[in-house]
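Here is the structure we will look at.
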Amino acid sequence: MRVFLFALMLSALAGLLGLEVASAHDGVPIDEDQCKIKVGPFSIHFVGYQPAESGTKELCRAVPTTGNTIFVMDLIEPALRSKNIAVALYKGSGEEAADQKLSEIPAHVYSAGFLRLDEDLTEEGRYLVEVAVVDPATGQQYTGRMPIRVGGLILSTAYLLVGAISLLIFGAVGAYLYGVSREKRIGHRSGNA
Amino acid sequence: MAIADYTDVEARQTRKTAVSDDPVIAAAGLSAEGARISRQYDLVIVVIAFFVLTAAYHIHFMLLAGDWDFWIDWKDRQFWPTLTPVVAIMFPAAAQYFLWTKFRLPFGATLCVLGLIIAEWVVRILGFHGWAGFPFSLIFPATMIPGALVLDSVLLLTRSWLLTGIFGAWAFGLLFYPSNWPMIAGFHIPVESEGQVASVADMVGYTFVRSATPEYLRFIERGTLRTFGGHSAYLSAVFSAFLCMLVYYVWWFIGMAFSMTPWAESPVAKFLGVKPKEASVD
Amino acid sequence: MNKTTQFARPTSWRRFAAFAVVLACAAIVDAALWSSPVDAHGERNQEAFLRMRTLLWYDVNWSTDEVGVYDGKNGGELVLTGKFHVVEDWPGNITPPDDTAAFLSTGGPGSVMVKKGSYLGGQPAIFSSQVKRGRDYEFKLVMAGHHPGKYHIHPTLMVKEAGPLIGPGAWVEIKGDNSDFAFPMQAMEGTQIPNLATWQLGTVFSWHALWGVIAVLWLLWWIRRPLFIPRMQALKNGREDVLITKADILLGAVLLVGTIGIVFAGVSWANAKYPISVPLQSRIMQIEPLPLPKQTVDVKTLNASYDVPGRSLKAKLQITNNTDKPVQLGEFTSANVRFVNGSVPIAKSAVPGDYPKDVVNEGLHVSDNTPIAAGETRVVDVDATDAAWELERLTSLLNDPDNSFGALLFFYDDDGERHISVVGGPIVPRFL
């Protein structure tokens, strides 16, 4: 019993930590920003906007609903401003997505340090943004991908946490009351020699 | 076996164990085995008490008087000599209550202050110097040990908390600035920099840059009481001495409050269904 | 009375309940610790409206990007010069600088560089001074190397009740060995201080050691004898005579007199060695701002918006050229980011080649870029476009309690003379 409870406690804590890591980008400062695409040795900051739905709120991998969505990618390293960058949007995820290209912007040098992709996402489900960086001098190419999920249940860390804590407290109260009622039924306390 | 088994004279005699030569052991009526075990307790308790007292006292001191203690260019003639002794006498007063009234041990003040100084040096060496890279000339701590020694010896000689509060605490406040003057005197010689006069202490603070710590942040040399011919340090010392007397009494009684050992039934134990089969009464 | 207590084991369901409550508490504490925002270190952390509307830094120049560890003679210096404008439209949330204090220093990790000199308005700035809104000031910092490494060094003006206001930063490398460091100084009465970092340390360590040893000996005098249980029991038995012996009292008296004696001996020694002393100095200096320009280009902001996905600040400006030569808008600078007009050659050449690349770009565009004649008033659409708005966290403006911007505009005439104007006002986020 003790071992079981201890394992329960550890897994609960581990779960809470895991949730934190998987939390959505929500106005987090760029220094510890989780919403980045790794493209070879470079990093590109990724933001989504749905002006009609949520105004200036910054989205990452989880887009709440369908509709007009603007993806903006900011080039973090100054070196990227002299490279050719191409971006494409696919429907689906994994290997199957390769056949379902929705839109693309051919390779282009972005001296202003950011690129923008507008798309009307009509269906819920999974999408994929692929970025390709080519160094014009050496021809070296790097690719990075950002999976997007549109619609579905978005589990906010905060709600999950509140849910988990409430479950624990109700569970505690329930267990206590059960213990009391069981005592009354069997006439003595259990677990006691 | 309970403590009574060791102090019961008859029980001791029936066990045919010899009494120790030490007069205190004899006065206490301990057997040799009892003396040996109590000695082990002594050493364990001293070590634990040293760390616990040091930790609590260090936090207390840093929070209230830390700024003036950390930096050479905060050690002025008003706030530093007034604030430091008043803040520093608090834990020694409480420790003195406990150690003197229960055990007649007159080292409460020295124990606290020695622990504080050791802890401060550890932080200065590892943190301020080792980690942040500040030179020791900027960050060395002040000493309160002379005041603590006087406080302890006055308690020992007068055996009275009232007289210790009057003379000992007064001396604690008064002795602070003179006992630190030999260390800081060399930092108060004047230096000329670009047509302006500054003390060496000011220049140390200016030269070794502290992030987000502007010069105007220093809470030094402010306020009135300036008609005493520039002898602010003496005035601050006397003012501090009187404050120390007051604070000593307050903390003597705080020591009393924290030395009580009341018995109360634990509601958590009750909730968990824990009930002592037989209560132990001391 | 003598038996030790034995506690019954609690019911397993109650134990489970207790565990669950403990778990819940742990989860709450865990959540509180994890969800508290971790402040981003560095210059981007400060709110955007503060960075844009307190001080606007310009002409900042770092004389070198490499120095050695200073040893009193060698090691070189980093001379940091530049100017800043104190914005008239100072944010209402923080105290204006006019009647408080300001102190010039560097921003960066602690004591990695030492300050050899600093000047504000041409005057030495060892102590604090004051700055006035609407005026420009010149600064100079002379730094030397202390701890080897690579650091981002910014000029910073700390204003009382406003906080540190940080200028642009550049990477500076300090090479050499820490143990070579020395900072010599000469006192007014002739004493030579070989190294400010180690001055008086022999005296300090000796006095601390002396008192420490005496304190330890005093403690050992008591600790070597039975301490707690025996003394408490002896006291209860009324045997105070063995607890405090004659030897103890004698030692106490010696300690009392001796301590006071040593303290006074120390004071006499110190006064003999350093007869002249000066207390800590502190003053607020009055410094001169840069003179107001005789001729100006006046700019009025008619409206301003921020195109969120377009990373662009767009403003409609009414520009009146009150100088006697035609001018072109060459640069827009705010929060240490420089947006240069790439089609104005003088503006491009005004940026030094070694200026930090991440805060300068050619994203300034003017709808009508032709020179504005002397005396002419023109309304133009200006946009400053670059990812810097996002990367420097200036778009957090939209979360600030005061949605306004502030910036400097640099106008250049044919002879290369520059005229600086201040713009600002409310700004609205848009999706275009």
Side-chain angles (χ1 to χ4, degrees), chain B residues 2 23-25 27-28 30 38 42 45 76-77 102-105 107 110 114 132-137 140 143 145-146 149-150 153 156-157 175 178-179 181-183 185-186 188-194 198-199 202 204 206-209 211-212 214-216 220 272-274 276-278 280, chain C residues 2-3 5-7 10-11 14 18 101 103 105-106 110-111 114-115 124 126-128 147 158 160 164 187-188 191 196-197 199-201 203-204 207-208 211 215 218-219 222 226-234 237 239 242-244 252 255-256 259 263 266-267 270 274 277-281:
Chain B
V24 177
I25 302 287
L30 294 185
S38 81
D42 283 351
I45 291 170
D76 67 336
R77 298 170 309 172
K102 308 280 185 206
F103 310 102
R104 289 291 182 269
L105 285 171
F107 63 57
T110 309
L114 182 69
F134 296 118
F136 285 115
S137 55
F140 68 85
T143 184
I145 292 179
L149 292 171
V150 165
S153 46
L156 172 64
L157 294 172
L175 276 173
S179 48
W181 180 244
M183 294 197 283
H188 283 267
I189 56 179
V191 158
E192 190 200 329
S193 178
E194 309 266 359
S199 66
D202 292 312
V204 172
Y206 169 79
T207 303
F208 297 98
V209 178
S211 312
E215 184 271 323
Y216 59 73
I220 53 169
L272 286 175
V274 167
K277 284 242 171 88
E278 276 175 46
S280 153
Chain C
N2 303 359
K3 293 232 172 123
T5 56
Q6 273 184 338
F7 294 96
T11 63
R14 291 186 197 225
F103 185 68
S105 187
T106 54
S111 200
V114 289
K115 217 185 303 168
I126 305 173
F127 301 110
S128 307
H147 294 301
M158 287 171 251
K160 196 169 176 187
M188 276 170 73
T191 308
L196 216 57
W199 178 239
Q200 293 288 293
L201 286 188
T203 307
V204 168
W207 279 100
H208 267 285
W211 291 120
W218 174 240
L219 290 177
W222 298 96
L227 275 179
F228 296 110
I229 297 171
R231 289 184 78 99
M232 180 182 245
Q233 200 56 43
N237 294 346
R239 295 297 311 279
V242 299
L243 294 180
I244 306 291
L255 193 68
L256 179 64
T259 302
V263 168
V267 170
Y274 301 109
S277 73
V278 63
L280 294 178
Q281 302 288 305

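Convention: sequence-line order gives letters A, B, ...; per-chain numbering from 1.
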Exercise. Roughly how far, to the nearest 0.5 Å, is CH2 of Trp218(C) from CD1 of Ile145(B)?
Worked result: 14.0 Å
Exercise. Are the side chain of Arg239(C) and the backbone of Val24(B) linked by a donor-acceptor contact shorter than 3.5 Å?
Worked result: no
Problem set entry | Those residues that, when tested against Val267(C), pass side chain to side chain contact (heavy atoms under 4.5 Å, CB included) (two or more places apart) | Pro178(B), Trp181(B), Asn271(C)
For this session: State, to 0.1 Å, how close Gly133(B) and Ser111(C) come at their nearest heavy-atom pair, and which atoms those are.
Result: O-CB, 3.7 Å
Seminar exercise, completed: Looking only at heavy atoms, the pair that brings Asn237(C) and Ala28(B) closest together is ND2-O, 3.6 Å
Exercise. So, Glu215(B) side chain and Ser128(C) main chain: donor-acceptor pair closer than 3.5 Å or not?
Worked result: yes
Seminar exercise, completed: The interface call for Phe208(B) against chain C, heavy-atom contacts under 4.5 Å, is both
For this session: Would you name the heavy atoms of Pro214(B) and Met158(C) that are closest together and state the gap between them?
Result: CD-SD, 3.5 Å
Exercise. Atom OG1 of Thr207(B) and atom CG of Leu196(C): how far apart are they, to the nearest 0.5 Å?
Worked result: 5.0 Å
Exercise. What option among Trp207(C), Phe127(C), Phe103(C) has the most heavy-atom pairs under 4.5 Å with chain B?
Worked result: Phe103(C)
Exercise. Is the closest side-chain heavy-atom distance between Phe136(B) and Val204(C) below 4.5 Å?
Worked result: no
For this session: Under 4.5 Å heavy-atom distance to chain C, tell me which part of Ala132(B) shows up: side chain, backbone, both or neither.
Result: backbone
For this session: Kindly give the heavy-atom pair with the smallest separation between Phe228(C) and Leu105(B), and that separation in Å.
Result: CE2-CD1, 4.0 Å
For this session: Could you tell me the separation between the CH2 atom of Trp211(C) and the CE atom of Met183(B), rounded to the nearest 0.5 Å?
Result: 10.0 Å
Exercise. Between Leu114(B) and chain C, which part of the residue has a heavy atom less than 4.5 Å away: side chain, backbone, both or neither?
Worked result: side chain
Exercise. For the candidates Ala270(C), Gly252(C), Gly266(C), Pro230(C), which exhibits the highest count of non-hydrogen atom pairs separated by less than 4.5 Å from chain B?
Worked result: Pro230(C)
Problem set entry | Side chain Ser179(B), main chain Val263(C), donor-acceptor under 3.5 Å | no
Problem set entry | side-chain contact (heavy atoms from CB on, under 4.5 Å) assessment of Ile189(B) paired with Met188(C) | CA-CA 8 Å; Ile189(B) 56 179; Met188(C) 276 170 73; over 6 Å; no
Exercise. Judged by atom type as modelled, is there a donor-acceptor pair below 3.5 Å linking the side chain of His188(B) to the main-chain atoms of Val278(C)?
Worked result: yes
Exercise. Got a sec, which residues hit salt bridge (Lys or Arg N to Asp or Glu O under 4.0 Å) with Asp76(B), two or more places apart in sequence or on another chain?
Worked result: none
Seminar exercise, completed: Scored by heavy-atom pairs under 4.5 Å with chain B, the best of Thr203(C), Leu219(C), Leu243(C) is Leu219(C)
For this session: Side chain from CB out, backbone as N, CA, C, O: work out which of these in Leu201(C) comes under 4.5 Å of a heavy atom of chain B, or both, or neither.
Result: side chain
Exercise. Minimum heavy-atom separation for Ile229(C) to Asp42(B), with atom names?
Worked result: N-OD1, 4.2 Å
Exercise. Rounded to the nearest 0.5 Å, how far does CG of Leu149(B) lie from OG1 of Thr259(C)?
Worked result: 4.5 Å
Exercise. Of the backbone (N, CA, C, O) and the side chain (C-beta and beyond), which part of Leu157(B) lies under 4.5 Å from a heavy atom of chain C, both, or neither?
Worked result: side chain
Exercise. Top residue by heavy-atom pair count (under 4.5 Å) with chain B, among Lys160(C), His208(C), Gln200(C)?
Worked result: His208(C)
Seminar exercise, completed: Cut-off 4.5 Å, heavy atoms of chain B, and the answer for Trp199(C) is both
